[in-house]
**Q** 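This is the structure I want to talk about, given as structure tokens.
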Amino acid sequence: MELAKVTSKGQVTIPMNIREKLGIKEGSKILFLEEAGRIYLANSSMEALKEAQTAFKGEAERLGLVTEEDIVDMVKELRKERMVK
């Protein structure tokens with residue numbers, strides 16, 4: 001458990017070991033999440049990545065993409081289609 005003091009401007013210094021665990025560096029954006037009456041702190045970039053992974057889960061199988069080559073071929077095909085338009 002870590003303790004931090006709030007300044008008169010509402011600012012808080014996040015303890016170093018918490019920043020390291022969350023991958024927070026200078027300039028990082030912090031996300032505050034409320035869940036079941038508790039507030040959680042998260043690295044917004046990591047949360048965005050998790051949401052994207054969840055959103056895309058199962059899409060490779062649905063599209064028949066099994067190998068890396070399948071993905072490269074799909075990207076090439078999409079690029080050809082865009083060049084035609």
**Q** Does Leu41 reach the side chain of Ile14, with side-chain heavy atoms less than 4.5 Å apart?
**A** yes
**Q** About how many Å separate NZ of Lys25 and CD of Glu20, when rounded to the nearest 0.5 Å?
**A** 10.0 Å
**Q** Any chance you could measure Glu47, atom CD, to Glu51, atom CD, to the nearest 0.5 Å?
**A** 7.0 Å
**Q** Side chains of Val6 and Gln11: does their closest heavy-atom pair fall under 4.5 Å?
**A** no
**Q** Any chance you could measure Leu22, atom CG, to Ser45, atom OG, to the nearest 0.5 Å?
**A** 11.5 Å
**Q** So which atom in Gly23 and which in Ser28 form the shortest heavy-atom distance, rounded to 0.1 Å?
**A** O-OG, 4.2 Å
**Q** Quick one: do Leu33 and Ile39 end up in the same hydrophobic cluster if we chain Ile, Leu, Val, Met, Phe, Trp and Tyr together by side-chain heavy atoms under 4.5 Å apart?
**A** no
**Q** So with a 6.0 Å cut-off around CE of Met46, is the heavy-atom count from everything else above 12?
**A** no
**Q** List the steps and the verdict of side-chain contact (heavy atoms from CB on, under 4.5 Å) for Leu31 and Asn43.
**A** CA-CA 6 Å; Leu31 187 62; Asn43 181 330; over 6 Å; no
**Q** Crowded around Glu68 CD? As in, over 12 foreign heavy atoms under 6.0 Å?
**A** no
**Q** Does Arg19 form a side-chain contact (heavy atoms from CB on, under 4.5 Å) with Thr13? I'd like the steps, not just the answer.
**A** CA-CA 10 Å; Arg19 291 192 313 259; Thr13 298; 4.2 Å; yes
**Q** Do Met74 and Leu78 have side chains that approach each other closer than 4.5 Å (heavy atoms only, starting at C-beta)?
**A** yes
**Q** Any donor and acceptor pair, going by atom type alone, linking the side chain of Asp70 with main-chain N or O of Thr67 inside 3.5 Å?
**A** yes
**Q** Between Arg62 and Glu59, is the side-chain contact (heavy atoms from CB on, under 4.5 Å) condition met? List the steps.
**A** CA-CA 5 Å; Arg62 186 183 71 76; Glu59 285 301 301; 2.8 Å; yes
**Q** Are Arg38 and Glu35 ion-paired here, with the side-chain N under 4.0 Å from a carboxylate O?
**A** no
**Q** Would Leu63 end up clustered with Ile71 when hydrophobic side chains under 4.5 Å apart are linked, directly or stepwise?
**A** yes
**Q** Let me confirm one number: the CD-NZ distance from Glu69 to Lys76, rounded to the nearest 0.5 Å.
**A** 8.0 Å
